[in-house]
Amino acid sequence: MEDHTQMSWKEDNVIGQLHNSVDNVTLAVGQALTHPTEQAIQNAQNMIERAERSVTMALESRGDLGPINMLQEQLNQDKEKLNRIH
């Protein structure tokens, strides 16, 4: 019998890490929008790539969960914002 408390904790941990990753993207994109230097844009692109990998891993390991989908949508919106500056 699985310990559902342990599974819930692991799920919360995955969601928490993913949330941090997407928050980092939002900050990096904001910096690139306000100061569109090549370095800021590249940093935002790197953050987006990492967050996309995290989303993919979370979906593969946890399935199609509402919180993951919401974070994925936030990430997609940030990508669109970054794409507008170049």
Side-chain angles (χ1 to χ4, degrees):
M1 185 163 141
E2 285 187 63
D3 182 356
H4 292 290
T5 325
Q6 185 71 12
M7 291 300 290
S8 177
W9 179 83
K10 286 181 183 178
E11 187 173 290
D12 288 347
N13 193 30
V14 167
I15 302 270
Q17 289 174 347
L18 181 56
H19 200 287
N20 288 339
S21 184
V22 173
D23 284 347
N24 288 338
V25 167
T26 300
L27 290 173
V29 168
Q31 288 176 339
L33 290 173
T34 57
H35 298 94
T37 64
E38 190 59 39
Q39 182 179 5
I41 292 168
Q42 185 62 49
N43 182 50
Q45 289 171 333
N46 291 342
M47 294 280 192
I48 287 170
E49 289 174 12
R50 277 189 231 134
E52 285 179 325
R53 286 192 301 269
S54 295
V55 167
T56 299
M57 289 189 306
L59 287 171
E60 288 173 357
S61 68
R62 299 292 173 223
D64 203 22
L65 296 175
I68 295 172
N69 291 332
M70 288 172 41
L71 291 167
Q72 185 176 29
E73 181 58 33
Q74 181 181 342
L75 177 59
N76 290 336
Q77 290 172 3
D78 286 333
K79 281 175 53 176
E80 286 298 317
K81 287 178 189 175
L82 185 63
N83 287 335
R84 288 186 205 134
I85 64 172
H86 70 345

Residues forming a side-chain contact (heavy atoms from CB on, under 4.5 Å) with [X], sequence neighbours excluded:
{"X": "Asn24", "result": "Met47"}
{"X": "Ala32", "result": "Ala40, Ile41, Ala44, Leu82, Ile85"}
{"X": "Asp23", "result": "His19, Gln74"}
{"X": "Gln17", "result": "Asn13"}

* Output all residues satisfying side chain to side chain donor-acceptor pair (under 3.5 Å) with Asn46, sequence neighbours left out; order by chain, then residue number. =>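 Gln42.
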* Asked: Taking only residues two or more places apart in sequence, or in another chain, which ones meet Gln31 in a side chain to side chain donor-acceptor pair (under 3.5 Å)?
  ->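 In terms of side chain to side chain donor-acceptor pair (under 3.5 Å), with neighbours along the sequence ignored, Gln31 is linked to no residue.
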* To do: Go through Leu71 and Val55 one step at a time and tell me if the side chain to side chain contact (heavy atoms under 4.5 Å, CB included) criterion holds.
  => CA-CA 8 Å; Leu71 291 167; Val55 167; 5.5 Å; no
* To do: Indicate the atoms forming the closest heavy-atom contact of Leu18 with Ala51, along with that distance.
  =>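 The answer is CD1-O, 4.2 Å.
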* To do: Hey, could you give me each pair passing salt bridge (charged side-chain N to carboxylate O under 4.0 Å, His left out) that has a residue in residues 32-56? Not counting sequence neighbours.
  =>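 Non-adjacent pairs meeting salt bridge (charged side-chain N to carboxylate O under 4.0 Å, His left out): Glu52-Lys79.
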* CE/Met57 to CD/Glu60 distance, rounded to the nearest 0.5 angstrom? ->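 It comes to 8.5 Å.
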* **Value rounded to 0.5 Å, distance of CD1 in Ile68 from CD1 in Ile15** =>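 The CD1 atom of Ile15 is 4.0 Å from CD1 of Ile68, to the nearest 0.5 Å.
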* Asked: What residue among Leu33, Leu27, Thr26 forms side-chain contact (heavy atoms from CB on, under 4.5 Å) with Val29?
  ->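 Result for side-chain contact (heavy atoms from CB on, under 4.5 Å) with Val29: Leu33.
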